Amino acid sequence: MKIPDWLKTFSMETIRSVKEINWEEWVPGVRAVIVYIHQNNQVLLIHKKRGLGAGKVNAPGGHIEAGETPEQAAVRECQEEVGLTPKGLELRGKLYFQFLDGLRMEGFVYTATAFTGDMIETDEADPFWCHVDKMPLNRMWEDDFYWLPQVLRGKQMDGRFIFDNDTMVSLDVAIRDPE
């Protein structure tokens with residue numbers, strides 16, 4: 001993959017706003033998925049035990065492996081992390097994260113209202129059901145506050161974020177009705 005010239009001289013030490021990044025040429029270093037299974041005003045969340053976001057509340061998800069589509073990764077990650085197979089996945093949006101340490105992540109956000117299997121705890125995640133109006137947003141990634149409640153109400157979104165470790169520095173979120 002060819003790295004754009006502007007990215008070769010890119011310095012996160014001087015960038016503080018998502019508007020300063022050329023997102024048309026920005027190249028993710030990591031591609032990932034996140035899946036929100038929800039039904040009857042409940043959403044499946046996890047206490048993340050390891051990896052990026054360890055200690056936070058999140059949803060099942062993870063890296064897209066070589067040769068895998070985002071939807072295939074969404075199913076696999078749910079099965080591996082919580083023992084459930086989501087049914088009827090719907091792509092609700094994309095997230096673009098630039099971390100000041102250089103990590104560049106593109107994320108695909110999926111929802112599902114049905115699943116099969118039995119929920120299990122794994123070495124990566126301790127799953128739990130939570131009422132959508134009582135999500136512990138103060139224990140989740142900061143960006144979730146700006147888009148997750150709307151996505152669970154059926155909206156679509158795209159978001160761009162800059163993070164300094166766990167702290168959000170800048171954001172640009174567009175929420176829209178489904179197409």
Side-chain angles (χ1 to χ4, degrees), residues 18 30-64 70-71 73-99 103 105-178:
V18 294
V30 175
R31 296 174 71 229
V33 295
I34 191 160
V35 182
Y36 294 91
I37 299 173
H38 63 104
Q39 56 183 229
N40 302 323
N41 291 319
Q42 300 283 315
V43 61
L44 177 67
L45 298 174
I46 63 170
H47 295 284
K48 184 126 170 81
K49 296 180 178 182
R50 63 179 183 162
L52 183 64
K56 292 187 179 296
V57 171
N58 210 337
H63 294 152
I64 299 171
E71 191 169 296
V75 170
R76 178 186 50 76
E77 286 288 347
C78 284
Q79 291 169 337
E80 290 176 1
E81 289 186 9
V82 298
L84 301 179
T85 301
K87 299 294 182 185
L89 284 171
E90 293 186 29
L91 179 63
R92 290 293 178 184
K94 291 174 83 177
L95 304 170
Y96 304 90
F97 296 99
Q98 177 65 62
F99 286 79
L103 175 64
M105 182 182 298
E106 174 184 37
F108 296 80
V109 178
Y110 286 95
T111 61
T113 56
F115 63 90
T116 59
D118 295 315
M119 191 165 69
I120 58 169
E121 180 176 351
T122 63
D123 62 345
E124 198 166 346
D126 182 10
F128 66 98
W129 289 98
C130 177
H131 193 280
V132 295
D133 292 335
K134 295 182 180 179
M135 288 184 294
L137 290 167
N138 62 329
R139 294 177 37 220
M140 299 170 80
W141 285 97
E142 280 185 74
D143 64 284
D144 293 352
F145 173 82
Y146 295 94
W147 59 267
L148 181 54
Q150 292 90 332
V151 163
L152 293 177
R153 285 191 222 106
K155 299 287 187 178
Q156 291 188 320
M157 59 76 61
D158 288 297
R160 291 172 171 76
F161 309 93
I162 295 176
F163 271 85
D164 185 4
N165 294 313
D166 286 353
T167 303
M168 188 170 54
V169 175
S170 180
L171 75 148
D172 182 22
V173 177
I175 306 289
R176 63 189 182 283
D177 288 324

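Quantities reported herein were computed from a predicted structural model and do not represent experimental measurements.
Contact detail for Leu103 and Gln98: the closest heavy-atom pair is O-NE2, 3.5 Å. The minimum heavy-atom distance linking Ile37 with Phe115 is given by the pair CG2-CD2, 3.6 Å. In terms of heavy atoms, Leu52 sits closest to Met105 at CD2-CE, 3.4 Å. The shortest heavy-atom contact between Ala59 and Val35 is CB-O, 3.3 Å. The minimum heavy-atom distance linking Ala112 with Lys87 is given by the pair CB-O, 3.5 Å.
Taking OH of Tyr36 as the start and CG of Leu148 as the end, the distance is 4.5 Å to the nearest 0.5 Å. If you take CG on Leu44 and CE on Met119, they are separated by 6.0 Å, rounding to the nearest 0.5 Å. Going from atom OG1 of Thr111 over to atom NE2 of His38 covers 4.5 Å, rounded to the nearest 0.5 Å. Rounding to the nearest 0.5 angstrom, the gap separating the CZ atom in Arg50 from the CD atom in Glu124 is 4.5 Å. Here Ile162 contributes atom CD1 and Met168 contributes atom CE; the two are 11.0 Å apart, rounded to the nearest 0.5 Å. In this structure, the separation between CG on Asp133 and CD on Gln42 is 10.0 Å, given to the nearest 0.5 Å.
In this structure Phe108 satisfies the ring pair (Phe, Tyr, Trp, His ring centres under 6.0 Å) test with no other residue, sequence neighbours excluded. Under the ring pair (Phe, Tyr, Trp, His ring centres under 6.0 Å) criterion, Phe128 pairs with His47, not counting sequence neighbours.
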| task | Under the side-chain contact (heavy atoms from CB on, under 4.5 Å) rule, what do Asp123 and Lys49 come out as? Steps first, then yes or no, please. | result | CA-CA 7 Å; Asp123 62 345; Lys49 296 180 178 182; 5.6 Å; no

| field | Test log, rule side-chain contact (heavy atoms from CB on, under 4.5 Å), inputs Leu95 and Met157 | value | CA-CA 8 Å; Leu95 304 170; Met157 59 76 61; 3.2 Å; yes

| message | side-chain contact (heavy atoms from CB on, under 4.5 Å) for Phe161 and Val173? Distances and angles first, verdict last. | response | CA-CA 8 Å; Phe161 309 93; Val173 177; 3.6 Å; yes

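A donor-acceptor pair under 3.5 Å is formed between the side chain of Arg92 and the backbone N or O of Gly154. In this structure, Glu81 contributes its side chain and Gly61 its backbone to a donor-acceptor pair below 3.5 Å.
When side chains are defined from C-beta on, Asp158 counts as touching Arg176, because their heavy atoms get closer than 4.5 Å. Glu106 has its side chain within reach of Arg31: a pair of non-hydrogen atoms, C-beta onward, lies under 4.5 Å apart.
The list of salt bridge (Lys or Arg N to Asp or Glu O under 4.0 Å) pairs with a residue in residues 138-156, not counting sequence neighbours, reads Lys155-Asp177.
Defined by atom type and a distance below 3.5 Å, a donor-acceptor pair is present between the side-chain atoms of Thr85 and Gln79.
In this structure, Phe163 has its ring center under 6.0 Å from that of Trp141.
A side chain to side chain contact (heavy atoms under 4.5 Å, CB included) with Leu45 holds for exactly one of Pro127, Pro60, Pro136; it is Pro136.
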